[in-house]
Amino acid sequence: VFDEVHSFDARLFSALLGFLREFDVPVLCMTASLPPSRLEQLKECGLEIFPPDPASFPDLFEKASASRYTIRRCTREYAAEEAIRALGRGEKILWVVNTVKRCQTLAAELSSMVPEARIICYHSRFRLRDRQERHKELITAFREDGPMIAITTQVCEMSLDLSAALLVSEFAPLTSLIQRMGRCNRKLELEKFGQVLLYPPEKELPYSKDEMANVEAFINDLDGKTASQADLQQLLEKFSPETQEMEKLLPFLADEGFAFSAGDSIRDIDGYSVPAILECDTGNYWSLRKKAQPVDGLILPAPLKSTEKGKGLPPYLRIAKSDYSEKLGLPC
């Protein structure tokens with residue numbers, strides 16, 4: 001089973017295609033949205049679209065066709081004002097940005113503007129055990145009564161079953177935007193439509209120009225309109241570039257089944273991010289190792305520039321020197 005196929009970057013998607021071509025095994029690829037060009041590539045590898053006719057599943061078809069939210073293009077300043085107003089109305093807000101640094105900065109800013117508000121910062125740069133706690137806290141907060149705001153990065157696009165009355169997001173690739181919007185009025189329980197506010201980020205990074213192609217046209221087409229998930233899928237098909245992606249080198253195939261290129265990632269991740277443990281956790285790390293207990297909960301992804309080699313540590317693991325907050329994570 002390959003889940004969230006929409007989130008695969010070029011290298012990882014190429015690896016998926018290589019796997020499908022080389023291995024004759026049952027495969028299920030799952031996603032809520034996928035550009036037509038990638039859909040065709042998967043079909044060429046032997047996969048079938050399911051369901052072939054969405055109307056054959058009336059319940060799913062009805063939910064996908066129901067108008068769920070109004071969408072507006074705005075500025076970051078307007079989005080902050082609207083988020084504060086939504087908190088005053090007792091609503092739940094999900095705000096998604098594209099980098100951890102902006103996530104942490106925004107969480108700190110909103111905390112100073114509305115110190116009484118329940119604000120949760122959630123991203124990838126936490127120790128595993130703290131990230132698990134933030135995940136539980138986030139899910140619980142959306143299930144309980146009362147206003148709250150979650151400031152997150154792309155991690156909200158996967159494995160988060162929550163429903164916000166207001167979604168605020170920086171511009172992002174089309175499939176990412178659709179995934180984020182899927183967290184607004186998710187259960188169709190609001191008396192009125194959910195509200196989606198979209199604004200341009202300070203920088204396109206971590207996305208490339210190709211990934212951001214047609215994003216403005218997509219958003220401009222939706223600006224001021226009410227939309228359903230089916231509407232978004234139609235626009236995805238309209239604005240997705242019709243290009244065949246370049247195949248990447250796949251060591252697990254090129255090396256005849258022996259993946260000697262252990263240093264090469266199968267995914268185009270940030271090369272400056274490495275697995276690390278906090279300097280303050282080194283004593284705990286060695287204590288757990290001595291007792292033959294798991295150390296996974298201490299590990300976090302850290303910028304390479306803020307780490308150093310640790311004496312006796314495995315080659316893949318480094319020491320993170322930056323200050324750390326259980327609520328905000330590791331500074332970037």
Side-chain angles (χ1 to χ4, degrees), residues 1-4 7-9 11-12 15 19 99-105 107-108 111 118-141 143 150-162 206 250-252 255 257-332:
V1 176
F2 295 90
D3 198 10
E4 308 289 4
S7 68
F8 288 18
D9 59 31
R11 187 171 185 178
L12 187 53
F19 176 87
T99 68
V100 173
K101 184 175 182 179
R102 291 203 291 271
C103 183
Q104 295 168 328
T105 300
S111 294
R118 185 176 188 180
I119 298 175
I120 300 173
C121 180
Y122 182 58
H123 51 76
S124 62
R125 291 200 194 276
F126 284 100
R127 287 181 299 196
L128 178 60
R129 69 185 188 190
D130 294 332
R131 180 170 175 178
Q132 290 171 336
E133 286 300 315
R134 297 288 75 73
H135 183 97
K136 292 177 183 177
E137 181 186 14
L138 187 61
I139 295 298
T140 300
R143 289 175 179 171
I151 314 295
T152 82
T153 58
Q154 298 89 330
V155 296
C156 77
E157 297 172 18
M158 294 170 276
S159 304
L160 275 184
D161 182 13
L162 51 84
L250 305 177
F252 74 93
D255 293 334
F258 296 92
F260 294 115
S261 303
D264 294 333
S265 171
I266 200 172
R267 187 190 255 282
D268 288 328
I269 60 174
D270 181 358
Y272 294 100
S273 182
V274 294
I277 60 171
L278 299 172
E279 189 174 28
C280 62
D281 280 335
T282 53
N284 193 15
Y285 173 86
W286 289 116
S287 176
L288 291 171
R289 285 287 301 271
K290 187 176 181 180
K291 298 175 184 177
Q293 294 181 357
V295 297
D296 307 63
L298 301 178
I299 298 176
L300 78 168
L304 179 62
K305 63 182 179 182
S306 65
T307 68
E308 61 182 31
K309 292 182 179 180
K311 185 177 180 181
L313 290 178
Y316 70 88
L317 196 59
R318 297 174 67 89
I319 299 292
K321 303 287 289 186
S322 302
D323 293 334
Y324 179 83
S325 164
E326 292 183 1
K327 295 294 184 182
L328 294 178
L330 190 72
C332 296

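Index from 1, following the sequence. Worth saying up front: this structure is predicted, and the values here are computed from it rather than measured.
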Quick one: does any side-chain atom of [X] pair with a main-chain N or O of [Y] as donor and acceptor, under 3.5 Å?
{"X": "Thr105", "Y": "Lys101", "result": "yes"}
{"X": "Gln104", "Y": "Leu328", "result": "yes"}
{"X": "Glu137", "Y": "Gln132", "result": "no"}
{"X": "Tyr324", "Y": "Glu279", "result": "no"}

Under a 4.5 Å cut-off applied to non-hydrogen side-chain atoms, are [X] and [Y] in contact?
{"X": "Ile319", "Y": "Thr282", "value": "yes"}
{"X": "Arg125", "Y": "Pro303", "value": "yes"}
{"X": "Leu138", "Y": "Leu160", "value": "yes"}
{"X": "Ile120", "Y": "Ile151", "value": "no"}
{"X": "Pro301", "Y": "Val274", "value": "no"}

How far apart are the C-alpha atoms of Leu313 and Arg318, what are their side-chain angles, what is the distance that settles it, and do they pass the side-chain contact (heavy atoms from CB on, under 4.5 Å) test?
CA-CA 7 Å; Leu313 290 178; Arg318 297 174 67 89; 5.9 Å; no

Kindly indicate, with the supporting measurements, whether the criterion side-chain contact (heavy atoms from CB on, under 4.5 Å) is fulfilled by Leu288 and Leu298.
CA-CA 10 Å; Leu288 291 171; Leu298 301 178; 3.9 Å; yes

Once you round to the nearest 0.5 Å, how far does [atom1] of [X] lie from [atom2] of [Y]?
{"X": "His135", "Y": "Thr152", "atom1": "NE2", "atom2": "OG1", "answer": "12.0 Å"}
{"X": "Phe2", "Y": "Phe8", "atom1": "CZ", "atom2": "CZ", "answer": "6.5 Å"}
{"X": "Leu162", "Y": "Thr140", "atom1": "CG", "atom2": "OG1", "answer": "11.5 Å"}

Nearest heavy-atom neighbours spanning [X] and [Y]:
{"X": "Val155", "Y": "Arg131", "result": "CG1-NH2, 3.3 Å"}
{"X": "Cys103", "Y": "His123", "result": "SG-CD2, 4.0 Å"}
{"X": "Tyr285", "Y": "Arg289", "result": "OH-NH1, 2.6 Å"}
{"X": "Thr99", "Y": "Pro206", "result": "CG2-CD, 3.9 Å"}
{"X": "Ser322", "Y": "Leu330", "result": "CB-CD1, 3.9 Å"}
{"X": "Lys327", "Y": "Cys121", "result": "O-CB, 3.6 Å"}

Between Thr153 and Val100, does a side-chain contact (heavy atoms from CB on, under 4.5 Å) hold up when you go through it step by step?
CA-CA 6 Å; Thr153 58; Val100 173; 4.3 Å; yes

Can you tell whether the side chains of [X] and [Y] come within less than 4.0 Å, N to carboxylate O?
{"X": "Glu326", "Y": "Arg134", "result": "no"}
{"X": "Arg129", "Y": "Asp296", "result": "no"}
{"X": "Glu308", "Y": "Lys321", "result": "yes"}

After noting the C-alpha distance and the side-chain angles of Leu300 and Phe126, does the key distance pass the side-chain contact (heavy atoms from CB on, under 4.5 Å) rule?
CA-CA 6 Å; Leu300 78 168; Phe126 284 100; 5.9 Å; no

Does Asn284 have more than 12 heavy atoms from other residues, nucleotides or ligands lying within 6.0 Å of its CG?
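Yes - once you tally the heavy atoms of other residues, nucleotides and ligands closer than 6.0 Å, there are more than 12.
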
